[in-house]
Each structure stands twice: as C-alpha cells, then as structure tokens.
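The structure appears below as structure tokens.
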2 protein chains.
Amino acid sequence: MAAVRLQDVAIRAGVSQATASRVLNGSSRVPGEGVADRVRAAAAELGYVANAQAQALARSSTGLIGLIVHDIADPYFSSIAQGVQAAARRAGKLVLLASTQRDFDIERESVSTFISHRADAIILAGSRQSGDLDRDLEKECARYLDNGGTVVVIGQPLSFGAAVEPENYAASAQLAHALLGQGHRDFAVIGGPGNIRTAVDRRNGFVEALATHGVTPLVEIAGDFSRDGGFSAARRLSAALDLHPGQVDNVPPCVFAVTDVMAIGAIAAWRQLGLAVPDDVCIAGFDDIPTLRDHVPGLSTVALSLVDIGERAVRLALDDSATESRAHEFVPGRVILRDSSVLRRV
Amino acid sequence: MAAVRLQDVAIRAGVSQATASRVLNGSSRVPGEGVADRVRAAAAELGYVANAQAQALARSSTGLIGLIVHDIADPYFSSIAQGVQAAARRAGKLVLLASTQRDFDIERESVSTFISHRADAIILAGSRQSGDLDRDLEKECARYLDNGGTVVVIGQPLSFGAAVEPENYAASAQLAHALLGQGHRDFAVIGGPGNIRTAVDRRNGFVEALATHGVTPLVEIAGDFSRDGGFSAARRLSAALDLHPGQVDNVPPCVFAVTDVMAIGAIAAWRQLGLAVPDDVCIAGFDDIPTLRDHVPGLSTVALSLVDIGERAVRLALDDSATESRAHEFVPGRVILRDSSVLRRV
DNA sequence: CTGAAAGCGCTTACAG
DNA sequence: CTGAAAGCGCTTACAG
C-alpha cells in the first residue's frame, strides 16, 4: 500500500500538482482561499505526509544537520547533543547522530555518510588528535564545502569551517587564581594527551597563571581523556607525591584535572587508596558536567554551558555567512569552587 | 559548484549510467572486470559520493532509523542511544535523533517528521503516559506501518509494533527479596506517575514480593520520573516517617525508588536534611545508570543493560518478521547490592 | 493566480 | 553483460 502522494491530493482537490505543492509547502502568497482550503482539506482527508526525500532532491536542501560526537553516553557530549537537538528542532531541522567511540575510522565514515545524505551542515564535537583532520577527510570536507555544505567544529577550529570554542586557556587561568585565593600553594596537574589542544590549552592556562605567582606544579601526569584515564593518572600521582591518608599536619596539594570526567576518576582512585578529598588531597576539574550536581564531594570546576554550546553550533551551522567567514565564537567559562578544594584549618 | 553525479562518472568511464550504478551500488554480479575497474577509477578521480536522497527515492528505502527519547542528556537515555547508534552503524543505517524533553507535542511532531523523512523504522524509548499513544499519533503510525514502516517501543508495548521491555515486575521482586535477605523489615516506596506502566510495574513487583513475606510498606509516595521528582518525594517521605539524623537505636527503613535518577535525587534531599545513607535511611534504585559507578554512597539497584537494550531495539527494527508478528522481547534485570542498603550492626 | 513540463540524481525492470 | 527509458515524489521557472 503506497503512501499518499501530492498527486493524489491534487486530484482530489481538483487542482494541479503545482498548486497543491504551493499551498501545502510553498512559502509565497497562498492561492485563492477557496482553492487553498480545498487542497488542505484533501490533504487532511487522505492523510498526506510530504516525502521529505523527494523534497530534498527537488530543493537540494535536506533539512538535516549531522552531529558527530566521541561518545553519546558521556555526559559532556549528551549535554551538547541536547542543545544541538533543541536548536535544530526550533529551526525545523532534523539531526543525524553519530557516536564514534573515539575511533577515527568511524569518524571518517560518519562524515562520508552524512555527506552522502546531503546533510545541510555537519557539526563535529570533541577535540581532535592532531591540529587537523587527516588528508582524506579534509579533501572530502573541502568538496562538501564547495557544494554548499557547512562545517562547524566544537572545540579547536580546523583550517576551514566555523568554530565555537570554550575559552579554555583563560578559564583555566581564572581557576588557578581562584585556587591560589583559597590558600593553595602546592599544585599538581592531571593533563590529557599532548596532541589534543583542549587538554593542552587548559594545562597551559593553569600552569602559566601559577607561574605568574612564582608557583610551579610539583608533578604533571598525563592520562586518557576519560574517567579511566583520570583514575590511573591519579594512582601514579599519589605515588609520585607520596600521599598518605590522614596527614593532617600538611596542607594537602591541589590537583587540577583537565576534565571533570577525569577528576571523578581520580577521586575514585584515591577513595580506593583511602585518601580523602579534600582532607588528604584537593582537586578541581573542568566542564561542570550535569552529573556533578549530585557528586560527593562537590567538585570545584569551570562551568561551561554545554547546552548553550550546542545551540550556538547550530546557529553557526545555519548561518551561511558565518561559515564562509570562518566565524569563531568563544564561550566563557565560570569558576565554581566547591568542597573538593576547600582547605580546612588544622 | 554542483556535486559529481553518477552520470558524470558514467561518461568519464565511457559506460551507461545504469552500468555505473550497478558497479558502484548494485548488489548482484559485478560487470566485466575491466568495466568495473574503469568505473571505480572514474568515481575515485571525480570524488563521487552517491546522493542518498536520490537513492532513497528510487529504492524507497532510506536507511534511516528514527530514535525518540525523553531526554538525551539523561544517562538512561544516552546509554540506550549509544546502543542504538552502534547497532545502526553496524547495519549500515543512520540514526535520526529526537529528544522530546517529555513534551508530548514534541513527541508527536518528531514522529511526523521521521515519517515525513521516510525513516525505515522508528524507535520510541521511554514510557508513555497512558496505555497508548493519543488518537492522532496512533492514526499516523498505523498509516506508517501500512506503508512498510516499522515501530519498536522500548518499555511498555503499544497496541502495534514490536517491543523490548525490561522485566520490571520480576526484577523488582528479586530486589525486594534481596533486601529482605539483608535483614530489612521496614520499607517505603518512592513511585512514579500512576499512568506510567514502568513505574507501576516496578512498584507492584516490589510491593507484592514484600507481601509474600507479610510485609507492607510504611509509606508510598509518588514523584516525577526525574531527579527532582525523587528529591521532593524524599523530603515528604522523611517527614512522613519522621526521620532524624543519628537515630542509631532504630533499624533504618529501606526505601525503594523506582529509578536510579530518582534515588539520587532522594539521597541529595536527605543529605541536605542531615540524614545519612545508609545509617539513617537506606535506599535502592533501578536501572544501574553508568553514573552510579562513581556515586557515593554506592547505590543498590537493578542493573539493566541499557546499551544492549538499544541494540536489541535496532535488531527488531530491522527484522520485518519481528515487527509484523509484534515481537515482544524481555530483558532481565540483575540485582546489585551496594552500600546504600547495608544494615550496620548497632 | 494556476498549470504543463522539465528537472533533482538515482534504480530497475525490460530489451537487446 | 549492457543500455535506453521510465519512474521514485517533489519543486520551480516559464507561460498563460
């Protein structure tokens, strides 16, 4: 049983297909009211639903926005996805979702598929390995842009397309100042992979702000950009700093983990070692992911409006001029101090 | 600058469009090797990417799977989404995502849009209000099914389409037994809205299992199916039970919250009131959402393999016979006891 | 304001 | 094995 076509409603309404198309989907002035009503009535009676595929082919615009994230189950990305989804819906667009699980081949494949489906725009969320995409991907994107596609990156900008980027460097510096303000003097850093710029910027912003005050981190350890990365980095770090439970005589060192997810992993590792936060060791993260809300101890962090970031990305994606001019929006972070970095008087 | 079309590569390869189509996309036997090679070479040189929209129109199959969730930022749904996404990718399908934020109008609109885009299948995740969809939505789905579409529900089955449903009743009963086994005798329930069957089944499974042992909950309170719903229900509950910090002389009552998200909200409320878990009040949830991993205190719960549920839904969606026979798969839950329900000796 | 007709980029019987 | 041609369901100049 085939679906109702525009032709069917046209016949039923006694008008041409062109007219039916105009009253149902066309934007310009509506035809004579009588005609329009008849067409609408016919469409309703038949239960007509326009075939978006056919429309896309005829209009050469699909109304599809492709979103590629590292891991949709990660609260950081699912919050961004919510923003993208909401903004897309308001703009009458649909979102195609791809979750790469940090697999580069899957990412490349996803971009191809989105292009093949002629997504009007592609949003790439999550920092990439090196400064740019690999050769193949880049060529494919170039062709896509030539054909009128638009690319928006969340995070580190590429050599093409628009970008919305958190102010990682500046916000991390603010965090450092806030922690110094709390009385901290001993610091350590749990950084991310050296080729991920987000990780590097956060580390640099923090460390260089400390340097301003003549402070240098006691240790720096790098881990994966994940909860488990934070977990194992924290173990190594506590060994390096020779941390022990209940050393109330010393002021505990303050660790900066470049993402909340890593910080949470670190706290879990320490708990397992019997180390209490903030009594034996203090910590701060970055992102203010929603799950922090009910995490104990409360984690000091830098709040990023993740949903807002997703919405901005859509706005850029829909704005051709923004894409052509390679617009680059920065979104600020806001320092939030919670229990995890509180220095208790001894 | 228009994209490369099949016609272009056909001309370049010196063959007909039909032949080019067959070597590039057709499934059956590949034409003479020489020809095939030339076509592939031409496609590569030109950077040909098939237009999926046109293919969809010609084949009347889009390769699109629509996923509708209540809230993509909720870890329950984002885990399911991950499963859906992974299974879809393996099957060469693309997923369209809609997050309704629990707004029924948006849900209806999303279904329409997916149908309009001729998604091959639609997966509806999350319990619905009443037993079924509303009139409009149902009629639209009926037409969709007639036209070859397939619908899969995660949770309570509808009057049509396939379903994958957690064994809510049985698993909640097991949880009750496990808690009785831990020595609990005083119980309370934080339930969900009375018209959401998932909530009702879990409540019933739990309460009826208790009844088997001659135990009746002291109180039952209903809340929204959300973190804040659990939060406010917990406040009312602690008033009803007259809970106070440090009543070490009594065995604390054990509360069953029908979702982990609600349980987490409840714990937050109690913490604010100075009530400690599990010393002043015990609690167990349901779902084993991933964020539980680093939640303190560890929450006793029923583990559902959320990713697996998403994957199963895709499998059903892709299997026409399953849809036609209104397949109904059950997925078991596994009781996990953690700190939140531990009864300490006084 | 309305309609006939071409075109969007593919696939697929149907012949050869 | 290969090609000419019709068809998928719309939109949109172009005439009237």
Side-chain angles (χ1 to χ4, degrees), chain A residues 1-40 42-43 46-64 115-120 143 147-148, chain B residues 1-40 42-43 46-64 115-120 143 147-148:
Chain A
M1 181 168 309
V4 182
R5 293 156 313 155
L6 185 57
Q7 183 66 275
D8 301 324
V9 353
I11 291 173
R12 173 141 190 160
V15 299
S16 75
Q17 199 182 145
T19 299
S21 169
R22 284 191 269 254
V23 0
L24 260 20
N25 311 308
S27 51
S28 30
R29 212 180 341 154
V30 184
E33 257 317 305
V35 179
D37 285 345
R38 258 187 305 150
V39 172
R40 271 189 286 266
L46 265 31
Y48 171 71
V49 179
N51 183 325
Q53 307 285 332
Q55 290 184 313
L57 193 56
R59 290 179 180 153
S60 66
S61 158
T62 57
L64 259 26
I115 293 179
S116 167
H117 279 262
R118 298 298 189 266
D120 293 338
R143 199 144 34 211
N147 296 339
Chain B
M1 182 167 311
V4 184
R5 293 157 310 154
L6 185 57
Q7 183 64 277
D8 301 324
V9 350
I11 290 173
R12 174 144 192 156
V15 300
S16 75
Q17 199 182 147
T19 300
S21 170
R22 284 190 270 256
V23 0
L24 260 21
N25 310 309
S27 51
S28 29
R29 209 174 351 148
V30 184
E33 257 317 306
V35 178
D37 284 346
R38 258 187 305 148
V39 173
R40 271 189 286 264
L46 264 30
Y48 171 72
V49 179
N51 183 324
Q53 307 284 331
Q55 291 184 312
L57 192 56
R59 290 179 180 155
S60 65
S61 159
T62 57
L64 258 26
I115 292 179
S116 168
H117 278 262
R118 299 298 189 266
D120 293 338
R143 199 144 33 210
N147 296 339

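Residue numbers start from 1 in every chain, and the chains themselves are labelled A, B, ... in the order their sequence lines are given, proteins ahead of strands.
For B:Ser116, the side chain to side chain donor-acceptor pair (under 3.5 Å) test picks out no residue, with sequence neighbours left out. Residues satisfying the salt bridge (Lys or Arg N to Asp or Glu O under 4.0 Å) criterion with B:Arg12, sequence neighbours excluded, are B:Glu45. For A:Arg5, the salt bridge (Lys or Arg N to Asp or Glu O under 4.0 Å) partners two or more places apart in sequence, or in a different chain, are A:Asp8. Here A:Ser16 pairs with A:Thr19 under the side chain to side chain donor-acceptor pair (under 3.5 Å) rule; sequence neighbours left out.
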Output a table of nitrogen or oxygen pairs between the protein and nucleotides 5-9 of chain C separated by less than 3.5 Å.
residue, atom, partner, partner atom, Å
C:dC8, O2, A:Ala58, N, 3.4
C:dG9, N2, B:Ala54, O, 3.4

Pairs under 3.5 angstrom, nitrogen or oxygen only, protein versus nucleotides 14-16 of chain D, please.
none

For residues 47-57 of chain B, which side-chain N or O atoms pair as donor and acceptor with protein atoms under 3.5 Å away, sequence neighbours left out?
residue, atom, partner, partner atom, Å
B:Asn51, OD1, B:Gln53, N, 2.8
B:Asn51, OD1, B:Ala54, N, 3.1
B:Gln53, NE2, A:His117, O, 2.8

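Straight-line distance between the C1' atoms of C:dT12 and C:dG16: roughly 16 Å, to the nearest whole Å.
Summarising the geometry of B:Val15 relative to B:Val35, their closest heavy-atom pair is CG1-CG1, 3.8 Å, with the distance given to 0.1 Å. When every heavy atom of B:Ala20 is checked against every heavy atom of B:Leu6, the shortest pair comes out as CB-CD1, 3.7 Å. Here the shortest heavy-atom pairing between B:Arg118 and A:Ala3 reads NH2-CB, 4.1 Å. Nearest approach of A:Val23 to A:Ala36, heavy atoms of both residues: CG2-O, 4.0 Å. The minimum heavy-atom distance between A:Ala43 and A:Leu24, with the atom names listed, is CB-CD2, 4.1 Å.
In DNA chain D, consecutive stretches of 3 or more Watson-Crick or G-U wobble pairs with both distances under 3.5 Å are given as paired ranges: C:1-3 with D:14-16, C:5-12 with D:5-12, C:14-16 with D:1-3.
At least one side-chain nitrogen or oxygen of A:Ser21 sits closer than 4.0 Å to the OP1 or OP2 atom of D:dT11.
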